[in-house]
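Down below is the structure, laid out as structure tokens.
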Amino acid sequence: CVFMQNSKGLYNSNDSDPLIKDCIIVANGMGLVNDNNSNPNVINSAMNRNKSFGIFNRAGSSPKITGSIINGNQLSGMKNVDNCSPIVINCTIAKNRNSGIINAIFSHPVITNTIVWGNDNSEIDNDSSSNAIVAYSLIEDVLYRGIGNIKGNPLFVDPTKGDFGLTSESACIDAADNSVLDASVTKDILGRKRFNDYIHRDDTIPGNGPQVDMGAIEYVSESRLGR
């Protein structure tokens, strides 16, 4: 499904909890808007190049967002206002104008296995009443308190052209937490199998089986791609 060139790409209000899977929400005024206790389940979708926010959560709305890319939005990737605590898992939030994520008025997103990088202002901007709970994630400029977090450059393939795949030297490979991914999420946003083990990288959680990568796109070596 594609939602484009609307004032709001997709609008949920008053306890709306739809499943949004494999969707592209692009070039709208706002991208995905969740209002008044709406908690959609967003899987393997893209909220890109919207004129305002990629995702705007307001008034107790706390969606679950998994395996998705939020890129190139003009006012920030995601804004959470008024008691919003979205769950963000294995997402890539990159190259947005202003901030990657803005949290205001008692908003506390839970961010895991996610890359927040290359946004114009700050990666995560909290007001005095808000904070982000972060684990197993790369936040470009801050080593966030929490288990498994790293900072720096994720070494994307070509972020200037919107290619947020990981290169072989990325510290995000085999560095995230399998336990937070729902069992039904077996592929990434490109349709690649999750939990591809890269034999040249030690897992950061030994004994946990093939370990998922940070971000929306799982690294697959060139040999496995048949190159």
Side-chain angles (χ1 to χ4, degrees), residues 44 54-55 64-72 76-78 80 85-96 98-103 107-126 130-160 162-182 185 188-190 192-221:
N44 291 356
I55 300 177
K64 184 176 183 180
I65 306 159
T66 304
S68 296
I69 295 175
I70 305 172
N71 161 246
S76 286
M78 180 189 303
N80 305 304
S85 299
I87 298 170
V88 181
I89 300 171
N90 277 102
C91 290
T92 297
I93 302 173
K95 305 294 283 185
N96 296 283
N98 196 10
S99 298
I101 302 172
I102 298 174
N103 304 307
S107 292
H108 307 283
V110 179
I111 301 167
T112 313
N113 297 0
T114 288
I115 299 170
V116 188
W117 177 87
N119 300 286
D120 281 358
N121 187 2
S122 58
E123 306 309 320
I124 301 176
D125 184 0
N126 302 311
S130 304
N131 70 290
I133 301 164
V134 183
Y136 293 101
S137 295
L138 183 147
I139 312 300
E140 179 183 8
D141 53 0
V142 175
L143 183 59
Y144 248 78
R145 181 174 62 185
I147 188 169
N149 292 325
I150 57 177
K151 69 175 183 177
N153 190 330
L155 301 179
F156 291 129
V157 173
D158 193 347
T160 61
D163 188 342
F164 296 106
L166 302 173
T167 56
S168 62
E169 299 303 313
S170 174
C172 298
I173 296 171
D174 292 353
D177 181 7
N178 293 352
S179 68
V180 299
L181 270 175
D182 189 280
V185 181
D188 71 8
I189 193 170
L190 298 182
R192 296 174 174 180
K193 180 183 175 182
R194 280 291 189 186
F195 313 108
N196 276 307
D197 192 32
Y198 184 41
I199 62 173
H200 301 294
R201 182 69 50 81
D202 291 334
D203 292 343
T204 58
I205 308 177
N208 198 36
Q211 194 169 341
V212 71
D213 301 340
M214 295 178 184
I217 299 176
E218 191 82 2
Y219 176 73
V220 180
S221 66

| said: Show, in sequence, the C-alpha distance, side-chain angles and deciding distance for Phe156 and Thr167, and conclude whether the side-chain contact (heavy atoms from CB on, under 4.5 Å) test is met. | reply: CA-CA 6 Å; Phe156 291 129; Thr167 56; over 6 Å; no
| Would you say Val142 and Ile124 make side-chain contact, with heavy atoms under 4.5 Å? | no
| Whether Gln211 side chain and Asn178 backbone form a donor-acceptor pair below 3.5 Å | no
| query | Per the side-chain contact (heavy atoms from CB on, under 4.5 Å) rule, which among Thr92, Val220, Ile115, Ile217 passes with Leu166? | reply | Ile115
| Pro210 to Phe195 - nearest heavy-atom pair and separation | CB-O, 3.3 Å
| Side-chain donor or acceptor of Asp163 paired with backbone N/O of Val157 under 3.5 Å | no
| field | Glu218 side-chain N/O to Asn196 backbone N/O, donor-acceptor pair under 3.5 Å | value | yes
| said: Within this structure, what is the CD1-CE distance for the pair Ile111 and Met78, rounded to the nearest 0.5 Å? | reply: 7.0 Å
| Set of residues satisfying side chain to side chain donor-acceptor pair (under 3.5 Å) with respect to Asn126, sequence neighbours excluded | Asn103, Tyr144
| Side chains of Lys151 and Ile139: does their closest heavy-atom pair fall under 4.5 Å? | no
| Under the side chain to side chain donor-acceptor pair (under 3.5 Å) test, residues paired with Asp182 that sit two or more places apart | Ser184
| field | From SG (Cys91) to CD1 (Ile65), nearest 0.5 Å | value | 6.0 Å
| said: Give me the atom names and distance for the closest heavy-atom approach of Ser76 to Ile102. | reply: OG-CD1, 3.2 Å
| said: Enumerate the side chain to side chain donor-acceptor pair (under 3.5 Å) contacts for residues 113-122, please, sequence neighbours excluded, ordered by first and then second residue. | reply: Asn90-Asn113, Asn96-Asn119, Arg97-Asp120, Asn98-Asn121, Ser99-Ser122, Asn119-Glu123
